[in-house]
Enquirer: 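Have a look at this one.
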Amino acid sequence: MQPMTEFDPAPLIPRNARILDSRRVTAKERHFRLALEAPLGHRPGQFVMLSLPGVGEAPISISCGPGDEREVELVIRACGSLTHALHQRQAGDVVGLRGPFGNGFDLQDFEQRDTVIVAGGLGLAPLRSLIEPLAARPRRYGHVTLISGCRTPADELYRDKLRAWAQLPHVDVIRLVNDTAHQPWDGEVGLVTAPIPRLDLEIPNTLAVLCGPPVMYKFVIMALAARGMQNEQIYVDLERRMRCGIGKCGHCQINQVYCCRSGPVFRFDEVATLPEALT
Amino acid sequence: MTSFLANEQALEDWLRRQAERHEVYWPQRMGKASYAFQRLRRRSPLRLDRLDDAPASKPFRASACVVPPGRLLAPMQELLYRFEPDDDGGYRFIPCLDPTERLIAGIRPCDLKAIHLMDAVNAEGVPDAHYLTRRAHTTLIASNCLQPCDAHCFCEAAGSLDWREGADVFLTPQADGQQLVECLTPRGEALCADAGFSPCDAPEERRQSAEAHRPQPFGRQFDAPLVKVMAAVDETWDSPVWDKHVERCFSCGTCNLVCPTCYCFDMRDDLDIEHPGCGSRSRCADGCMLPEFAEVAGGHNFRATPAARQRHRVKRKLAYLPTQFADGSFCVGCGRCGHQCTVDIDIFDIANDLAAASEAPHAADD
Amino acid sequence: MKPKIAFFDMASCEGCQLAILDCEDIFLHILDLVEIVEFREALSETAPRFDIAFVEGSIHREMDAERLRSIRARCDWLVSLGACAYNGNVQARSNALAPGENMLRVYGPEAYHRTQTDPHYWPLWAHSRVRPLSQVVAVDYHLRGCPVDREEFLQLLKRRIAGALPRVAAQAVCVECKRAGNECVFEHGDTCLGPVTWAGCNAVCIGGGYRCDGCRGLLPGANLAAHRELLREHGLSEAEIDNRYRLFCAEEVAEATA
Amino acid sequence: MNDKTYTIEVDHVTRVEGHGSIRVSARDGRVEDLTLSITEANRFFESFTEGMSPHEIPWIVGRICGICCVGHQLAASKAVEAALGLTVSAQSRRLRKLLNESQILQSHILHVYFLAVPDYVGVPSVLPLIKTHPEVVKRALALKHLANEFTRVIGGRALHPMANTLRGWRKLPDLEALEGIRENLFTALPDLDASVGIVADLAVPAFERETEYVSLTHPDEYALYDGEIYSSDTRETVPVADYRRVTNEFTVPHSTAKYARWHRESYMVGALARVNNNYSQLHPKAQEAAERLGLRVPCFNPYMNNAAQVVEIVHCAHNSLAMLEAVLDEGLVEEDIGYTPGPGTGAGAVEVPRGVLFHEYRFDDEGRCRGADAVIPTSQNINNIERDMKAFAPRMVAEMTRDEVTLHLEMLLRAYDPCISCSVHLLDVEFIP
Ligand SMILES: Cc1cc2nc3c(=O)[nH]c(=O)nc-3n(C[C@H](O)[C@H](O)[C@H](O)COP(=O)(O)OP(=O)(O)OC[C@H]3O[C@@H](n4cnc5c(N)ncnc54)[C@H](O)[C@@H]3O)c2cc1C
Ligand code: SF4
Ligand code: SF4
Ligand code: SF4
């Protein structure tokens, strides 16, 4: 071991986290529950840097609401080197974890407000961390409208949760697919923008939150603006390539702003003038 | 602070003595037309060769030094930590910090300013322990420029020619072939204390009279003052200038990798073959000109074209980072990117073109 | 269970297999990780099935294509080993001529005549075109280079064992050249294929005092027009430029500029 | 007797470089037919070189064969230099000799300890030896690694090295690294001694067939890098430029390789030919090793080629050590390696692990390559191997089981350390009008 010096390397060094369970939720996504050595103390919308030592590291959103602090839930899509390898890990295996990083949502902003949440595909994973606390405290927070869209019925995440939330009196859930692909489907068919015009909203007292694939943001924001929503009422949760999570590696820059540090959650008026925000 | 006069031989002897105790680096000939900061070893001959056209006024010529000296503080590839299995099926992570005592000699003012900027970048926000540890154990000996290093240099225009901050010792060649040795920090003082140099007075005047012989203008000059150039870069988003300068771009990232103020990195993991279950993570220099730099899973690329990437690089140097840190331009005018680019794409020309375009009254309207 | 790996060779100089035998300092550790079940150049053992097949060399005759198909059927993962297998390497230059003409020029009229008339020896000589492996079977991963880089081979094994997909960034050789701190070849008047060549070799040839001749193949999206112009500016004639590209990536450059 | 009637077909003989097959049919204990065919796909190397610049040739022709890449590079360098009348300094000549000997070390160690020894121990490969003879394997691995590093330090990398070019070195070897090689080579000498012992203990099949032995020979040294062509039949030398008088190549239908003959129907090149022809110039330590190995010249047993390779391992180790000392004493200076391309024709030869290798090139007025020829050791040997087999097979079939016959034939082929991919990688195009 090298002698320690006056500077603390901890932000780049992972901690152990043990997989409690890992189950397949769609063809490409698995849900993981990890046990932590110390409480994470995260806010909704924050992310961790998850790693398999010797394989690699990637930013992954925290999917559970702030609650049981010694466990964390993640949804991971197999799309590259690390994520494929993670899918082969099982309960009992240990992974590395840094964080939480990013700003996340400030729940105070949502007090006594109605919220429209628009989730595209895997975007539901981070947004669940916000939905859970909002749905749990109806008297503190207002009405929640969740629009959740995905490609086909087989791609839907958290079906049981969506159903459970829909049972709550202060939560409306609209589920959509782009294409039923000849599978049974009890929701709507169309893009996530489709329901926005018909929502019954008290616009001045409503906030909107978006997370999904890069192409989605522009169109949803246009639909919300058409309903009279101001940029200050809209929150976007943005994804960029990230290597460090602490504003050093340069990959996540949106113009001059570091997505990992000032985001990934932005109030849209903060980034509306950044040409790279929605491209 | 103390100042001395020393001849070249005395300086060489002094550095050799330092090399007995520390790692000492200075620019040495590499290849046919370049220099590199190389470690002085016991066996290696002390060579202060110069390029044919090198001005004799510099003791440690660093012209065309492909890799900037700052890379000794933030290596192109650097171990972050090693790991080994713990008793519990998990890992023990062992940070790799490098507290080796180093002395870098022959740093030009532009590179000195770059190191100063990197100090700020790495100390800000979440401090970077790996960089800062190296930095804390490194002594900097800078060397004044009385001639532009090469045809690509524009350090005066970029505002870094007279930079001295960060150096422990600062050398200025004198007309009589001696070197003015100025100690700028206590560490520099200690280093020179028993060097056997002859003390001198009025160092300020000596330095200024040497600098008075600099050619005018010194290196390339922008067509507008630096502040205007920076403002033009800041204000320009859509412009044909971006496209004009990338027609021949290979997206090879050379301009990033040789830049003394580029510090972006990528991560790499490795497993040991010899020790099952053990391995390491390191980081290596990355660059925003490389096509995959801003590509995310699923294949979306936030800067898919060379023009978009070039714009980002130029804006980072002349607009984004200068806004975040109040030390002026992050392009220090060393000229490396233009020199090393195989197709002569030069940030100097790009910035100049942008300034010219924003001067033109109609530019902003359409 | 240790993964079983096997090595095969088609038309090649067999240098890539040697590059792998060059792991002798860690050879015994490698054997802790994987089981080598077939490696004609070094072992006499054979095996019916294996997890990873490394195939070196290009395909010139139908009998070789058949052998390749049977290898494909015996493995889960097929990796092309080296430039010959990846893009046909130097021998793909012969594709510029009809197969018969190559035969005639190299072996003379008598041997040529025999291949045309004696059916017994035809399979041995039935040279058609030089094809990379991927034109005959599906290839899961490419280890590029002439020869392959030993580190890249080891990375592939290690990552595969860890369950991860290996991957080489689509970057030009210049990236690794700068990271290695080399002096650019253009600096001393020679010319270099680094800007249009797929990295992964750590710019070893430039580090060794030479230049990049492009043995790892053409970089996806390479700016060939600019590169041609650059070579022209450095005094190369059109024929010389073609000759340079034809050294190692004859087929690819033809495709890219078609 | 029925068990004396069979055919043996060994397709793709293993543990040799390249693809070759042996076919034997025996009836009632007599050999009816025996062929050795080279089935390697040809690669038409003429397109490699046509139109190339002189300095590109040594670099590219290494691709003919990975295991002899240094030899091809050196033979081509010498041929092109002869064609253009270029000089090579004493420093470069010494570096080339080091490079060549490093490759001979690499190749011989690989061949003797990893490819040939398993036959004698009765196992299919080196893998079972890891369990039964771990020390032997580890020692051999260490020696091989050292030889590779040696090539890498001198040449820039172990395979297809890039540092050597026409006239000399593009980038000189690092002196500190050379010092490391010298030290490691020195400390490896006892290991080398021990590995001589291993081969000395092996039981070599008793078979002799006298043939013509051909190699380079040099008045001042054991000829590896330089010399004239020498025949044990005539005891006369022929200049390298006249190599065609020696090789007399011809084609046969069952092989994609060409055959060669000189004063008789076939001749042999390689370690045994060299040791037979130039024994007195071997390093004294190598002569000692020859005695331990029971190799007395002239030796007519082709299986003893492996012993001759061990002798050369010892010779190269000691000779390289002496050359390294000299380089370290004198240092290295950067030299001018510029040249002007122009017309000319020239041939060059070096001794590579498997025997003497010839290259020849012709350049037109613009300095573009217009003709190329390479004669590879294995294509010179193939004819001789086939004749050895035909001579030995009747005795084998009479005295051995079928499996033993197969093994002994394979061993015989392997003893020659044939480099089959080389042998079909013909560079034989004469555009000369
Ligand atoms: C703030 C934030 C939150 C995120 N949250 C989540 C989350 O909750 N869940 C989640 O699943 N993801 C999430 N992501 C995305 C996730 O970080 C990426 O999916 C992950 O980085 C991929 O890492 P990888 O090593 O598996 O892929 P990499 O191997 O790094 O692959 C990345 C890119 O390379 C491509 N690629 C990979 N392999 C190959 C190959 N062999 N050949 C060619 N191309 C290839 C991929 O298509 C992709 O474009 C989040 C990202 C951010 C920034
Ligand atoms: S060095 Fe030149 S070619 Fe390479 S990325 Fe930079 S501007 Fe483009
Ligand atoms: S941008 Fe170019 S000129 Fe400016 S500091 Fe970087 S390398 Fe030097
Ligand atoms: S030498 Fe070649 S690979 Fe290296 S930077 Fe120059 S052009 Fe690129």
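Proteins get letters first, then strands, A, B, ... in listed order; numbering begins at 1 in each.
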Enquirer: Among D:Gln106, D:His145, D:His160, D:Lys171, single out the residue with the greatest number of heavy-atom pairs under 4.5 Å to chain C.
Expert: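 Greatest number of close heavy-atom pairs with chain C: D:His145.
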
Enquirer: Determine the minimum heavy-atom distance between C:Cys205 and D:Arg157, stating which atoms define it.
Expert: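 Minimum heavy-atom contact is SG-NH2, 3.8 Å.
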
Enquirer: Taking only residues two or more places apart in sequence, or in another chain, which ones meet C:Phe27 in a ring-ring contact (aromatic ring centres under 6.0 Å, His included)?
Expert: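 Scan of C:Phe27 (ring-ring contact (aromatic ring centres under 6.0 Å, His included), adjacent residues dropped) gives none.
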
Enquirer: Specify the closest pair of heavy atoms between D:Gly51 and C:Asn243, including all atoms of both residues, with the distance to one decimal.
Expert: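 Distance-wise, the nearest heavy atoms are O-ND2, 3.8 Å.
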
Enquirer: Applying side-chain hydrogen bond (donor to acceptor under 3.5 Å, both in side chains), can you list everything that pairs with D:Glu366, at least two apart in sequence or on another chain?
Expert: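 Once residues adjacent in sequence are excluded, D:Glu366 has no partner under the side-chain hydrogen bond (donor to acceptor under 3.5 Å, both in side chains) criterion.
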
Enquirer: Using non-hydrogen atoms and a 4.5 Å limit, figure out which bit of D:Trp169 sits close to chain C: side chain, backbone, both or neither.
Expert: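 When you check distances to chain C, no heavy atom of D:Trp169 falls under 4.5 Å.
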
Enquirer: Roughly how far apart are D:Ser53 OG and C:Leu236 CG, rounded to 0.5 Å?
Expert: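 Here the interatomic distance stands at 8.0 Å.
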
Enquirer: Going by the rule side-chain hydrogen bond (donor to acceptor under 3.5 Å, both in side chains), which residues pair with C:Asp25 if we only count those two or more places apart in sequence or in a different chain?
Expert: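 Testing C:Asp25 for side-chain hydrogen bond (donor to acceptor under 3.5 Å, both in side chains), a comparison that skips the adjacent residues, returns C:Arg150.
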
Enquirer: Report which part of D:Ile130 has an atom under 4.5 Å of a heavy atom belonging to chain C: side chain, backbone, both, or neither.
Expert: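 For D:Ile130, the contact with chain C is made by the side chain alone.
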
Enquirer: Please check this pair: side chain of D:Arg63 against backbone of C:Cys146, looking for a donor-acceptor N/O pair closer than 3.5 Å.
Expert: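 Yes; at least one donor-acceptor contact below 3.5 Å.
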
Enquirer: Measuring from D:Ile67:CD1 to C:Gln17:CD, what's the distance to the nearest 0.5 Å?
Expert: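 One gets 10.5 Å once the value is rounded to the nearest 0.5 Å.
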
Enquirer: What residues of residues 133-144 of chain D sit under 4.5 Å from chain C when only non-hydrogen atoms are counted?
Expert: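 The residues closer than 4.5 Å to chain C, in numerical order, are D:Lys138, D:Leu141, D:Lys144.
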
Enquirer: Please find the pair of heavy atoms, one from D:Leu159 and one from C:Pro147, that lie closest to each other, and give the distance.
Expert: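 Residues D:Leu159 and C:Pro147, closest heavy atoms: CB-CG, 3.7 Å.
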
Enquirer: Set out, in order, the CA-CA distance, both residues' side-chain angles and the distance that settles side chain to side chain contact (heavy atoms under 4.5 Å, CB included) for D:Met52 and C:Arg246, then state yes or no.
Expert: CA-CA 11 Å; D:Met52 267 186 193; C:Arg246 265 165 34 102; over 6 Å; no

Enquirer: Select one option (side chain, backbone, both, neither) describing which atoms of D:Leu146 are under 4.5 Å from chain C's heavy atoms.
Expert: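 Contact with chain C is absent: no heavy atom of D:Leu146 under 4.5 Å.
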
Enquirer: Between atom OH of C:Tyr210 and atom NE2 of D:His55, what is the distance when rounded to the nearest 0.5 Å?
Expert: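 With rounding to 0.5 Å, OH (C:Tyr210) is 4.5 Å from NE2 (D:His55).
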
